[in-house]
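A short write-up of the structure that comes next.
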Amino acid sequence: MTFTSQFSALGSDSKALEALLWTVFALGVLKATTFVLSFSSLVLDLFVLPGVNFRKYGAKKGQYCVITGASDGIGKEYASQLAKRGFNLILISRTQSKLVTLKSEFESKYDVKVRILAIDIAEDVSENYIKIQEACSGLPITILINNVGQSHSIPVPFLETEEHELRNIITINTTATLKITQLVAPLIVKSAKEARCKGLILTMGSFGGLLPTPYLATYSGSKAFLQSWSAALAGEMKSQNVDVEIVLSYLVTSAMSKIRRTSMMIPNPTQFVAATLKTVGRRSGAQERYATMTPYWSHALYHFVIENTIGVYSKLANSINYTMHKSIRSRALRKAARQAKQQ
Ligand SMILES: NC(=O)c1ccc[n+]([C@@H]2O[C@H](COP(=O)([O-])OP(=O)(O)OC[C@H]3O[C@@H](n4cnc5c(N)ncnc54)[C@H](OP(=O)(O)O)[C@@H]3O)[C@@H](O)[C@H]2O)c1
């Protein structure tokens, strides 16, 4: 006697139970199939499919990329690796001297043209946007990398976050990113049409925005904002032949993360950007999301596991994150106290 026929034998009331069991079974099969398909897609994206050919974005045809926060860390690597693929560059960041050094390095190493612009993006003033417009004026631009970002100097309770830190995070990560995109995106649409290629807008998101992150509340909120904004923009710009992607990253060694040593979970900017450019347009770890990519392999597996187990918005995820960042704050405060004593 089978499992279901045992219930049938119990009479007509058991029919409802039998139907319920079949429904649960069918849902289980559907869930398992979806899981297997999305994991297979992750493996294909990360390890099997060949790298994206940037000719589709106009590589080696005189096209320019605009990169914000381009003088250090991840932004500097985007600049270097896109120059290597044959794009001219417009580099925007704060420190003129760093930009001058990079300009001469990239022009001689990759034989590309480089324009530089030193502005403080935390100052949301019209002169900045006029300067960006002037820097881009008359140039064929097919790629924008919204990389510039600021986080909290150390994890901090929201109620103790200093006003200038809060304001800078919101201005740099959201207001300025949106305004720069409004300036550059129309140029990308025009240039891509003229060059008969596609345009690309990449924006740096973060696991800080993927998971609500206590003690980094303002940064977390700003990156979550970028996630929704970028995915919405992707829907709008699809018909204009422009790919728009938010790039999710866990930790990467840089001045911002204050981490110097790489590990399995923490790549350096060269490794992170290589993975991003190789898989542009593929979701990798972000299988459940449109126009979103988690490109570095260990970050991708981490994202996939969280999404398919406790979920990014769960109480458990929030509480693990809370404990972790509270402990990072305590250590940072102890270190600051030690340094103050030594002085
Ligand atoms: N590193 C990570 O672990 C990590 C993880 C997830 C997401 N992200 C995101 O990745 C992006 C890049 O981070 P990163 O770690 O590469 O940062 P980084 O090493 O600190 O580099 C930041 C870059 O942005 C520029 N910049 C900073 N503030 C600026 C301002 N007010 N005006 C103009 N330029 C400014 C800096 O210019 P100067 O050098 O001239 O100051 C530098 O070129 C950010 O959006 C960040 O949120 C990073």
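Everything numeric in this text was worked out from a predicted model, so none of it was measured. Numbering of ligands and ligand atoms starts at 1, following listing order. Numbering of residues begins at 1 and proceeds along the displayed sequence.
- Counting only residues at least two apart or on different chains, the side-chain hydrogen bond (donor to acceptor under 3.5 Å, both in side chains) pairs with a member in residues 243-263 are Tyr57-Asp243, Lys198-Asp243.
- Within 6.0 Å of atom NZ in Lys190, 12 or fewer heavy atoms from other residues, nucleotides or ligands are found, so the atom counts as exposed in its surroundings.
- Enclosure of atom CD in Gln182 is not indicated, since only 12 or fewer non-hydrogen atoms of other residues, nucleotides or ligands lie within 6.0 angstrom.
- Taking a 4.5 Å side-chain heavy-atom cut-off between Ile, Leu, Val, Met, Phe, Trp and Tyr, the cluster of Tyr322 extends to Tyr215.
- The local environment of CD in Glu162 is sparse, with at most 12 non-hydrogen atoms from other residues, nucleotides or ligands closer than 6.0 Å.
- For ligand 1, residues of the protein lying within 4.0 angstrom by heavy-atom distance are Gly69, Ala70, Ser71, Asp72, Gly73, Ile74, Ser93, Arg94, Thr95, Lys98, Ile119, Asp120, Ile121, Ala122, Asn147, Val148, Gly149, Ile172, Met204, Gly205, Ser206, Tyr219, Lys223, Ser249, Tyr250, Leu251, Val252, Ser254, Ala255, Met256, Ser257.
- The hydrophobic cluster containing Ile154, built from Ile/Leu/Val/Met/Phe/Trp/Tyr side-chain heavy atoms closer than 4.5 Å, also comprises Leu333.
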